[in-house]
2 protein chains.
Amino acid sequence: MADHATIFRDYLAKKGLKLTSPRKKILEAVFAIHEHFNAEELYGRIKSHSQGISLATVYRTLPLLLEAGLVQHALRSAGRERYEHIYGHPKHIHWLCRSCGSLVETDLQSVDPLIAELAKSLNFKEEDIELSIRGLCWKCASTENENQTDER
Amino acid sequence: MADHATIFRDYLAKKGLKLTSPRKKILEAVFAIHEHFNAEELYGRIKSHSQGISLATVYRTLPLLLEAGLVQHALRSAGRERYEHIYGHPKHIHWLCRSCGSLVETDLQSVDPLIAELAKSLNFKEEDIELSIRGLCWKCASTENENQTDER
DNA sequence: GATTTATTTGCAACTGATTCTCAGTAATAA
DNA sequence: TTATTACTGAGAATCAGTTGCAAATAAATC
């Protein structure tokens, strides 16, 4: 089981690309953030640590990490592209309560093979799966029953 | 059960905003499109019908529709905000090509029971399932393979 | 370790999407 | 009708993200 540095190295090697010091630093920074981030934020973190990595390089590296499977687009990003690292974070289902806003994540395992099969039949090369379910968590579902009539 | 024009009127009234003719036209156009769209595309449709609505107004109206609950964000593609109206849309899977931006929808039947089961075990009352898959359509996947070496 | 070659980098200029400014227009209330 | 306030179109401004280029650097080869 390779760690993320190894995965990245291998990915680059396979593509005939080089493992450079900016790329290493960016990778490190990505895995030091445990929330969603965008290019600018990532750049900010790196700058405060080490010097001399340009924003353009961050923008150039992110797609590589994406393709290497180390990073994925974050959920429903509005306005800016957002990312999250996925090493050790298997793809998940988001259960979002429309009433209290709570978010629960569960894993995608059971659904994954089904999707892979569909993708195959459509000739679609899937890279990123986002499954979000909106509704009511059990708490809100029970309170909502009490005040049936209150409209949104 | 109010129709979308009424919902919009009420929303505007509540906010002290005005129901103007450009806004009416935009609303109409939104509900005449049964796919995802972005501001530019919506603008194109409106322009071909009636005259004299500016792109800026389209951009200004979309957030209102969003807040009124008539429209929701769809998956971003190629750096652009995308929208879809919310109105009796049967659940579907979105297959979005990250290269050419094409969108295919397929139905959710095969996945649905699985999700229902999961929801039950989580005690979550699901209302809206959104399954979006980003990747490469077969066309783009094949062109991408041709220039294997010309990486960017 | 020096040389060679192709890839990378930082920088600045650029692009394309979205937002803003402003002067004129239109909806609503009185 | 008038007064008030929000709205509009047009174009300028902004902002995220991309690109061209000359210098720098990793990896391959000697």
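Throughout, a chain's letter reflects where its sequence line sits, starting with A, and its residues are numbered from 1.
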Asks: Send over the distance from Leu64(A) CG to dA26(D) P, rounded to a whole Å.
Replies: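 In whole Å, dA26(D) P lies 17 Å from Leu64(A) CG.
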
Asks: Which nucleotide in the set dG10(C), dA27(C), dA10(D) lies at the smallest distance from any side-chain heavy atom of Ser54(B)?
Replies: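 From the listed options, dA10(D) comes nearest.
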
Asks: For the residue pair Val111(A) and Ile129(A), establish whether any side-chain heavy-atom pair is separated by less than 4.5 Å.
Replies: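 Side chain of Val111(A) against side chain of Ile129(A), heavy atoms only: no contact under 4.5 Å found.
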
Asks: In this structure, how many angstroms lie between the P atom of dA24(D) and the CD1 atom of Ile53(A), rounded?
Replies: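 One finds 17 Å between P of dA24(D) and CD1 of Ile53(A), rounded.
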
Asks: Under 3.5 Å, side chain of Arg9(A) to main-chain N/O of Leu19(A), donor-acceptor pair present?
Replies: no

Asks: Within the side chain of Glu41(B), is there an N or O that forms a donor-acceptor pair under 3.5 Å with the backbone of Asn38(B)?
Replies: yes

Asks: If you check every side-chain atom of Arg23(B), which of dC7(D), dC11(C), dA16(D) has the closest atom?
Replies: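 Of the candidates, dC7(D) comes closest.
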
Asks: Between dC7(D) atom P and Lys25(B) atom NZ, what is the distance in whole Å?
Replies: 17 Å

Asks: Do Leu131(A) and Ile115(B) have side-chain heavy atoms sitting under 4.5 Å apart?
Replies: yes

Asks: Within this structure, what is the CG-to-P distance between Leu62(B) and dC20(C), rounded to whole angstrom?
Replies: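 Spelled out: CG on Leu62(B) to P on dC20(C) is 15 Å.
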
Asks: Of the nucleotides dC20(C), dC11(C), dT8(D), which has the atom closest to the Pro22(B) side chain?
Replies: dT8(D)

Asks: Taking N and O atoms by type only, does the side chain of Arg60(B) place a donor or acceptor under 3.5 Å from a partner on the base of dT21(C)?
Replies: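 For Arg60(B), whose side chain was compared with the base of dT21(C), there is a donor-acceptor pair (under 3.5 Å).
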
Asks: Specify the residue among Leu19(B) and Ala56(B) whose closest nucleotide of DNA chain C lies further upstream toward the 5′ end.
Replies: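 So the residue in question is Ala56(B).
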
Asks: Output yes when at least one side-chain N/O atom of Tyr59(B) is less than 4.0 Å from OP1 or OP2 of dT18(C), else no.
Replies: yes

Asks: Rounded to whole angstroms, how far apart are CD on Glu40(A) and P on dC15(D)?
Replies: 10 Å

Asks: Which nucleotide in the set dG10(C), dA10(D), dC7(D) lies at the smallest distance from any side-chain heavy atom of Leu17(B)?
Replies: dC7(D)

Asks: Go nucleotide by nucleotide along DNA chain D from the 5' end; which of Leu12(B) and Tyr43(B) gets its closest nucleotide reached first?
Replies: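 Taking each residue's closest nucleotide, the earlier one in sequence belongs to Leu12(B).
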
Asks: Rounded to the Å, how far apart are Phe8(B) CZ and dA27(C) P?
Replies: 14 Å

Asks: Counting C-beta onward and ignoring hydrogens, is there a side-chain heavy-atom pair between Phe124(A) and Val104(B) closer than 4.5 Å?
Replies: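 No. Closest side-chain heavy atoms not under 4.5 Å.
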
Asks: Which nucleotide, dA12(C), dT5(D), dT8(D), lies nearest any side-chain atom of Thr20(B)?
Replies: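 Ranking dA12(C), dT5(D), dT8(D) by closest atom to the Thr20(B) side chain puts dT8(D) first.
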
Asks: Once you round it to whole Å, what is the distance between P of dG16(C) and CD of Glu41(B)?
Replies: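 Spelled out: CD on Glu41(B) to P on dG16(C) is 16 Å.
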
Asks: Measure from CG on Leu55(B) to C1' on dT8(D) and round the result to the nearest Å.
Replies: 13 Å

